[in-house]
2 protein chains.
Amino acid sequence: MSEALTGGLPRRADARRNRQKLLSAARALIDVQGRDLALEEVARRAGVAIGTLYNHFPTRQALFQALFADDAEVLRQRAEEWRSDPDPAEALIRWLRLQLEYGARGRSMGATVMNMRHEEGSPVQQKHTAMHEAGAALLQRAQANGQVRADVGLARILRLILGILLANEDAPDPDGTLPMFGILIDGIRTGSAS
Amino acid sequence: MSEALTGGLPRRADARRNRQKLLSAARALIDVQGRDLALEEVARRAGVAIGTLYNHFPTRQALFQALFADDAEVLRQRAEEWRSDPDPAEALIRWLRLQLEYGARGRSMGATVMNMRHEEGSPVQQKHTAMHEAGAALLQRAQANGQVRADVGLARILRLILGILLANEDAPDPDGTLPMFGILIDGIRTGSAS
DNA sequence: ACCTGAACACCGTTCAAGT
DNA sequence: ACCTGAACACCGTTCAAGT
């Protein structure tokens, strides 16, 4: 239980190596097979037994979380940095575009992980919360400045970004994300109707 | 091959009954298991052998298409009707909201089918094209009236609706779709920035 | 503290044989 | 023209035994 619940790394060096090999194999496979990647193949490519995979990651979710949780930390940092940007709306939009980029990682698994329900107090949940708070500050700044409508929350915006990614995952033109992102941005700007 | 390619119904009466039983069973299961429903269980619940399922629906896609293709016809009809609505924008929005409702069918499988690549000349493709043209007329009317931005196409809007559905599929609050829909609508209205 | 791999269950898909 | 179900391949998951 130690590793799964604490989220810490394994104590033994060989176990840490195995964990890393599993993550690398999963990362490589996810780009090809998408979210339905075969766990057995992950173990096979990592050169470990299937039981070892389950030792490190008791569920699919645990594997995905380990793959993409660090992205949340990067996104939090950017949000903090851009909080002093002279143009609040521009800073917010830049950050949301970064969410679009990071979310696209691993066939949208990045954004999916970010929108998953995380175990209370888990490392992923903590990182996610920290990112969310930093982003919310960006949003509120733009709202206080009158550039963004006051009646939208960050969660709703981020889930819309997830939707954009998911809808374009198997689309004929996977780069249709930016025009759709543009509609989202215009939808949260002040000055429009309703 | 006849059935799969022509999309027509089977000639024999027992085969038509089997087809219907398969569709009913699939429809019931999809609400529970989502898009990853087990084909074997579909056949089991329909009371036919697994080979019979493959006879009628050679691929998963074929099964899904058969389940939801008729919705396209309904949506086309509504678009035609509302083309004479005095308020073009209101008519368009009402139709898009209908897309949201119909798309939500079967755990968003409805919208997914609508956004799939269909075989050229297949019945689904024809129905989808007809629906798309009728909807595009609604959109153009609202654009000609100056109520909706001229630089957005229907395909982009519909894919955004698909995204909204997918993003809310396993969400804590699955009825967050309407606020997100509101952002989309405001994003395509005239009068906003950019 | 961690690894191994056999064991079991379940599902996807094909196809020869039947009616 | 259609149905059947055995046959094969593959994967998910657990767990007793090992180091």
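Each chain gets a letter, A, B and so on, in the order its sequence line appears, and its residues count up from 1.
Judged by distance alone with a 3.5 Å cut-off, no donor-acceptor contact links the side chain of B:Arg11 to the base of D:dA1.
In this structure, B:Arg60 reaches the C:dG12 phosphate: one of its side-chain N or O atoms is under 4.0 Å from OP1 or OP2. Between A:Asn18 and C:dC3 there is a side-chain polar atom (N or O) within less than 4.0 angstrom of OP1 or OP2.
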Legend entry - Secondary-structure string, 5' to 3', Watson-Crick or G-U under 3.5 Å, | for another-strand partners, for DNA chain C: ||.|||||...|||||.||
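Each of A:Arg60, A:His118, A:Lys127 was compared with A:Gln65 under the side chain to side chain donor-acceptor pair (under 3.5 Å) criterion, and only A:His118 meets it. Only one option out of A:Gln77, A:Gln99, A:Gln126 pairs with A:Met131 in a side chain to side chain contact (heavy atoms under 4.5 Å, CB included); it is A:Gln99.
Between the C1' atom of D:dT13 and the CG atom of A:Asn55 lies a distance of 12 Å, rounded to the nearest Å. For the pair B:Lys21 NZ and D:dC2 C1', the computed distance is 13 Å after rounding to whole Å. In this entry the distance linking CG of B:Leu53 with P of C:dC11 reads 14 Å, nearest Å. Between the CD1 atom of B:Ile50 and the C1' atom of C:dC10 there is a distance of 13 Å, rounded to whole Å. Spacing between atom OH of A:Tyr54 and atom P of D:dT13 amounts to 4 Å, rounded to whole angstrom units. Taking atom NE2 on A:His56 and atom C1' on D:dT13, their separation rounds to 17 Å, with Å as the unit. At whole-Å resolution of the value, CG in A:Leu63 and P in D:dC11 are 16 Å apart. Rounded to whole Å, atom P of D:dA1 lies 13 Å from atom CG of B:Asp14.
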Inset, instruction - Run the numbers on A:Gln147 and A:Asp87 for side chain to side chain contact (heavy atoms under 4.5 Å, CB included), then give the verdict. - result: CA-CA 10 Å; A:Gln147 297 170 292; A:Asp87 186 340; 3.2 Å; yes
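Within the 3.5 Å criterion, the main-chain N or O of B:Arg16 finds no donor-acceptor partner in the side chain of B:Gln20.
If you check C:dC3, C:dA1, D:dC3 against the side chain of A:Arg12, the one that comes closest is C:dA1.
A salt bridge does not link A:Arg83 to A:Glu80: none of the charged nitrogens lies less than 4.0 Å from a carboxylate oxygen. With salt bridges taken as basic N to acidic carboxylate O contacts below 4.0 Å, one links A:Arg94 and A:Glu90.
In terms of the salt bridge (charged side-chain N to carboxylate O under 4.0 Å, His left out) criterion, residue partners of B:Glu73 (sequence neighbours excluded) are, by chain and number, B:Arg76.
Applying a 4.0 Å cut-off to non-hydrogen atoms, the residues of residues 28-49 of chain B that approach DNA chain C are B:Leu37, B:Ala38, B:Leu39, B:Glu40, B:Arg44, listed by residue number.
In this structure, CZ in A:Arg17 is found 10.0 Å from CZ in A:Arg12, a value given to the nearest 0.5 Å.
Across all non-hydrogen atoms, the minimal contact from B:Arg107 to B:Asp31 is NE-O, 3.6 Å.
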